[in-house]
2 protein chains.
Amino acid sequence: MSKAPKPGWHGCPTRYAAGIFADKWCFLVLRDVLLHGKRTYSDFYNSPEGISTNILADRLSRFEAAGMLDRQTDPRKASRVCYFPTRKARDILPVLIGMMVWSTKYDERSEAPDSFAEAYQNDPDNTIAWYEAEISRVDAEIFQAQ
Amino acid sequence: MSKAPKPGWHGCPTRYAAGIFADKWCFLVLRDVLLHGKRTYSDFYNSPEGISTNILADRLSRFEAAGMLDRQTDPRKASRVCYFPTRKARDILPVLIGMMVWSTKYDERSEAPDSFAEAYQNDPDNTIAWYEAEISRVDAEIFQAQ
DNA sequence: TGTTGTACTTGCACATTGCAAGTGAATTTT
DNA sequence: AAAATTCACTTGCAATGTGCAAGTACAACA
């Protein structure tokens, strides 16, 4: 496990957030858990970016320690583990979506449709609500199937 | 100077954004230039977080290469350099402010007043407009004083 | 002319990352 | 019941990145 966050890293809101998830791999894990319905270690591991296994383990335990992910044994299969996003993680959705809207504008090779940014600009609350519902659906499905 | 971003790092909007500024020091530089009116090397260097000089130089040149900062000699003093935020950098404001709102909620030692988050929730566009105006004011002041 | 201020670069020890391989517990297959 | 497989990690090591201290280059000032 990696070292704890520095004690003086609270206070300033930018710094606090940066201390918790300002890292390439952190963002990709958040994307996977919040937008792509991924929940298990191998789900994350098999993302196309090819995160290495030690880094993934480290980031998952950091997120758990920060109260962003809730680690539980998979109700469908006791040998497996699920990481569920907490409210604290869900509340990052607007930031993540804001980043996506920005990238859609500035990445000339973006694969996201312009309609996505448009929909968010027109009705952000509704867009967030849609993703929240998806997250709840994925989590509920896992518990239903036990 | 650090290595260029990987060629396949475009496409996915989360990944693109993560490739450009998902780093502790990147966020702090963006905070300083977008919210604290900092423009010169020593302004950034003197932030309380204590960024080291080689890392600062690296991040500034990365941001310049990514079209986020516009490097110019200071019109007030030719031996000095100014880094002005471009439109691409300004458009990150909603993301940065979203992070601050989130931190205000979850950092028990947050120094930001609750009124800040409240104001943003009530009228996000107006909050962004206020920061945009501040940025323009700082930049204009530098050119006026030449 | 020398000193100061500003923006860096360089060198080196230390920390983190990436890759490959290995571990151990719990199913699944034979 | 034994063997193979799945899953979630851990470990070792080379390569990369970071942090600190010192040094450099150039313009402005005294």
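Protein chains get the first letters and strands the later ones, always in sequence-line order, with residue 1 at the start of each.
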Which residues share a ring-ring contact (aromatic ring centres under 6.0 Å, His included) with A/Tyr83, sequence neighbours left out: none

So, does [X] use its side chain to make a donor-acceptor pair with the main chain of [Y] at under 3.5 Å?
X	Y	result
B/Ser136	B/Glu132	yes
B/Asp107	A/Gly11	yes
A/Thr73	A/Val81	no
B/Tyr41	B/Thr53	yes

I'd like to know whether B/Tyr16 forms a side-chain contact (heavy atoms from CB on, under 4.5 Å) with A/Thr104, so could you lay out the CA-CA distance, the side-chain angles of the two residues, the decisive distance to 0.1 Å, and finally the verdict. CA-CA 9 Å; B/Tyr16 176 76; A/Thr104 303; over 6 Å; no

Over how many whole Å does the gap from [X] atom [atom1] to [N] atom [atom2] extend?
X	N	atom1	atom2	value
B/Ile55	C/dC14	CD1	P	17 Å
A/Tyr45	D/dT10	OH	C1'	13 Å
A/Glu49	C/dG18	CD	P	12 Å
B/Asp74	C/dC8	CG	P	12 Å
A/Ile51	C/dT16	CD1	C1'	14 Å
A/Asp43	D/dA8	CG	C1'	12 Å
A/Asp23	D/dT18	CG	P	11 Å
B/Asp58	C/dT9	CG	P	10 Å

B/Asp43 and B/Asp32, any side-chain heavy atoms less than 4.5 Å apart: no

Is B/Ile20 close to A/Trp102 at the side-chain level, that is, under 4.5 Å between some pair of heavy atoms? yes

State which of [options] makes the closest approach to the side chain of [X].
X	options	answer
A/Lys77	D/dC9, D/dT6, C/dA7	D/dT6
B/Arg71	D/dC9, D/dA27, C/dA7	C/dA7
A/Ala57	D/dT10, D/dT18, D/dC7	D/dT10
B/Ser42	D/dT10, C/dT6, C/dC8	C/dT6

Under 4.0 Å between a side-chain N/O of [X] and OP1 or OP2 of [N], yes or no?
X	N	value
B/Trp25	D/dT18	no
A/Arg59	C/dT17	yes
A/Tyr83	D/dC9	yes

As a quick check of understanding, evaluate salt bridge (charged side-chain N to carboxylate O under 4.0 Å, His left out) for B/Arg39 and B/Glu141, giving each step before the final call. CA-CA 12 Å; B/Arg39 293 293 181 273; B/Glu141 212 172 78; over 6 Å; no

Using the criterion of both pairing distances under 3.5 Å for Watson-Crick and G-U wobble pairs, give all stems of 3 or more consecutive pairs involving DNA chain C. C:1-30 with D:1-30

Just the atom pairs and distances: protein N or O near nucleotides 20-26 of chain D's N or O, under 3.5 Å.
residue, atom, partner, partner atom, Å
D/dC20, N4, B/Asn54, ND2, 3.0

Go nucleotide by nucleotide along DNA chain C from the 5' end; which of B/Val81 and A/Ala78 gets its closest nucleotide reached first? B/Val81

For A/Asn122, look at atom CG and say whether over 12 heavy atoms of other residues, nucleotides or ligands are found less than 6.0 Å away. yes

